[in-house]
Structures are given as C-alpha cells and as structure tokens.
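Below you'll find the structure, written out as structure tokens, and then a few comments.
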Amino acid sequence: MANSCLQLSGFVMSCIGWVGILIATATNDWVVTCKYGMNTCKKMDELGAKGLWAECVISTALYHCISLTQILDLPAYIQTSRALMITGSLLGLPAVGMVLTAMPCISLGDEPQSAKNKRSLLGGVLILLVALCGGVSTVWFPIGAHQDQGLMSFGFSLYAGWVGTAFCLLGGAMITCCSTEPSQHYNHHDNNRFYYSKGQGPGNPVPPSTNHAKSAHV
C-alpha cells in the first residue's frame with residue numbers, strides 16, 4: 001500500500017513538473033535584461049525580456065518583440081537551451097504514459113507485475129532525463145544572458161522551469177525507487193522449511209505404524 005502511494009505521488013509530481021517544463025519552453029519571459037546599465041534603464045523606463053524564441057522591449061508605452069529566427073547567428077546558450085527544452089518536453093509524454101499504465105489500479109490484460117515494474121522504471125528514468133534537460137537549460141540560459149547583455153532579474157518562464165525541474169527530479173526519483181521488484185526467494189524457502197518441519201522434521205517424528213507392532217507379537 002505504501003509503495004502504491006509513493007508511486008502515485010511520484011506520478012502526480014512528475015505531471016506537474018512536466019507542465020512546468022512545457023510552460024517554460026513555450027513562453028519568452030526567461031530573463032529581464034538591460035543594455036545601457038541598471039541606472040540608465042531605470043531612468044529610461046526601458047527593459048528587455050529575452051526567451052528561447054523572442055527578444056522583447058518592455059516600457060510603459062511599448063511592448064515589442066522580435067523573433068529569434070536566425071538560428072545560425074544565435075549564441076550557443078540559446079541554441080543549446082532550445083534543444084534541451086524541446087527534448088525534455090517530448091520525452092515527458094512517453095514517460096508519463098509509461099508510468100500511468102504501470103499504476104497498480106490499471107491492468108492491461110494478464111500482464112505480469114514484473115512487466116509493469118520494468119515499464120514504470122523506464123518511465124521514471126525518462127522523467128529524470130526531463131529534469132536533467134530542464135536543469136541544464138534553466139541554469140545555463142541566465143548565465144549566458146548575463147554575459148551577453150547584462151542580467152537584471154529572472155522572469156516567470158525561468159521560475160516555471162526551475163519548479164518543473166524540481167518536481168520532475170523528485171517525482172522521477174520516487175517512481176524509480178518504487179519500481180524495484182520485491183524478492184520472493186527467501187519467503188518461499190522459509191515456507192518450504194516450515195512445512196517440512198511440520199510434516200516430517202526431526203523434531204516431529206512419525207509415530208510407528210500399528211502393523212509393525214502386530215508383526216513383533218507374531
């Protein structure tokens with residue numbers, strides 16, 4: 001029962017984490033940048049927001065975004081973060097599906113429990129890979145943006161990526177730990193020994209047959 005509860009908790013946390021990764025991938029509010037220096041940007045009331053797909057200019061009367069379509073001209077941290085976030089988003093779908101079909105409350109015909117454990121273990125490993133992709137992207141991107149333009153603060157998308165990475169890491173670890181197959185070897189051996197001692201062990205000798213007693217008198 002405890003194993004099923006942990007597996008269900010890990011599945012819910014993994015789903016929440018995957019949604020966070022999807023939100024971070026689809027939105028562009030990763031970091032808030034400033035090109036002219038912190039004090040100058042505050043006086044001009046003009047900040048920049050940068051994400052995986054667009055770079056925006058934010059001010060009181062203007063919100064203008066430019067799509068980052070020149071792939072070969074983009075910095076390495078943007079290209080790598082794009083690739084990792086897309087990979088994590090795509091891996092999350094089969095991972096969640098595998099864990100869902102391996103839940104104790106779902107049965108696929110006469111499937112043995114060992115097959116469900118293997119599928120759950122594979123889903124947990126994929127969720128951990130999603131967390132790895134999200135963790136590398138959400139750490140490398142702000143560092144690269146700070147070196148490129150000057151980082152002022154973190155955006156909503158970056159926080160969503162961090163939360164999604166943490167939930168995927170915890171959920172994947174819980175699912176992986178709960179997917180180990182319990183060993184039945186020792187219990188089977190103990191049961192055989194118990195029945196042996198009850199039936200014909202040295203501590204319970206079989207009473208002599210009455211036929212031997214009759215033959216002795218004859």
Side-chain angles (χ1 to χ4, degrees), residues 10-38 40-42 44-100 123-124 126-173 175:
F11 172 73
V12 174
M13 295 178 66
S14 300
C15 290
I16 296 175
W18 182 44
V19 172
I21 295 294
L22 291 175
I23 293 174
T25 305
T27 54
N28 289 309
D29 191 16
W30 278 57
V31 292
V32 178
T33 59
C34 181
K35 296 181 179 180
Y36 310 108
M38 193 72 63
T40 305
C41 287
K42 288 181 179 180
M44 295 175 60
D45 192 19
E46 182 177 325
L47 299 174
K50 194 170 187 177
L52 297 177
W53 314 103
E55 186 174 3
C56 303
V57 177
I58 305 172
S59 64
T60 304
L62 177 65
Y63 186 86
H64 178 67
C65 294
I66 301 175
S67 299
L68 302 176
T69 57
Q70 302 296 329
I71 299 178
L72 298 179
D73 296 335
L74 294 176
Y77 71 92
I78 297 180
Q79 297 184 19
T80 306
S81 299
R82 276 185 181 182
L84 289 175
M85 293 300 288
I86 293 174
T87 302
S89 299
L90 295 178
L91 287 177
L93 182 59
V96 170
M98 287 181 182
V99 177
L100 178 62
L126 290 179
I127 292 173
L128 291 177
L129 289 178
V130 173
L132 178 63
C133 293
V136 173
S137 300
T138 53
V139 170
W140 192 2
F141 191 93
I143 295 176
H146 178 67
Q147 295 176 351
D148 189 16
Q149 293 180 343
L151 179 65
M152 183 174 181
S153 63
F154 303 133
F156 165 76
S157 303
L158 198 63
Y159 287 115
W162 283 338
V163 172
T165 298
F167 272 86
C168 284
L169 183 61
L170 293 176
I175 293 172

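Side-chain atoms are counted along with the backbone in the values below, which use heavy atoms only and exclude waters and symmetry mates.
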query = Looking only at heavy atoms, what is the nearest atom pair of Pro142 and Ser137, with distance?
reply = CD-O, 4.3 Å
ask   = So, Tyr77 versus Trp140, ring centres under 6.0 angstrom or not?
value = no
inquiry  = Using 0.5 Å steps for rounding, measure from the CG atom of Leu22 to the CG atom of Leu93.
reply    = 9.0 Å
task = List the atom of Val99, the atom of Gly124, and the distance in Å for their closest heavy-atom pair.
result = CG2-N, 4.1 Å
message = Quick one, His146 with Val31, criterion side chain to side chain contact (heavy atoms under 4.5 Å, CB included). Give me CA distance, side-chain angles, the key distance, then yes/no.
response = CA-CA 9 Å; His146 178 67; Val31 292; over 6 Å; no
ask   = Are Leu126 and Leu129 close enough that some pair of their side-chain heavy atoms sits under 4.5 Å apart?
value = yes
inquiry  = Quick check: closest heavy atoms across Leu170 and Met13, and the distance to 0.1 Å?
reply    = CB-CE, 3.4 Å
ask   = Rounded to the nearest 0.5 Å, how far apart are SG of Cys168 and CG of Leu132?
value = 11.5 Å
note = Tightest non-hydrogen contact, residues Val130 and Gly92, listed as CG2-N, 3.8 Å
Minimal non-hydrogen separation, Ile21 against Gly134, with atom names = CD1-CA, 4.0 Å
inquiry  = Between Trp30 and Phe156 (judged by ring centroids, cut-off 6.0 Å), do the two rings come close enough to count as a pair?
reply    = no
query = Below 4.5 Å, heavy atoms only, C-beta onward: do Lys50 and Ile78 meet side chain to side chain?
reply = yes
inquiry  = As an exercise, state the distance from CG of Leu128 to SG of Cys133, rounded to the nearest 0.5 Å.
reply    = 11.0 Å
request  = Taking the side chain as every heavy atom from C-beta outward, state whether Ser157 and Ile23 have any pair of such atoms under 4.5 Å apart.
outcome  = no
request  = Quick one: pull up CD1 in Ile86 and CG in Leu91 and give me the separation to the nearest 0.5 Å.
outcome  = 12.0 Å
task = Identify the two heavy atoms, one from Asn28 and one from Ala54, that lie closest to each other, and give their separation to 0.1 Å.
result = OD1-N, 3.3 Å
key: CZ/Phe11: more than 12 non-hydrogen atoms of other groups inside 6.0 Å   = yes
task = Please check if the side chain of Glu55 supplies one atom and the backbone of Ser67 the other of a donor-acceptor pair under 3.5 Å.
result = no
ask   = With distance as the sole test, does Trp18 use its side chain to make a donor-acceptor pair with the main-chain N or O of Ile127 at under 3.5 Å?
value = no
key: Inter-residue atom distance Thr80.OG1 - Phe141.CZ, 0.5 Å rounding   = 11.5 Å
ask   = Are Leu68 and Arg82 close enough, and set up right, to give a side chain to side chain contact (heavy atoms under 4.5 Å, CB included), and what steps lead you there?
value = CA-CA 11 Å; Leu68 302 176; Arg82 276 185 181 182; 3.5 Å; yes
request  = Step by step, work out the side chain to side chain contact (heavy atoms under 4.5 Å, CB included) result for Ile175 and Ser14.
outcome  = CA-CA 9 Å; Ile175 293 172; Ser14 300; 3.7 Å; yes
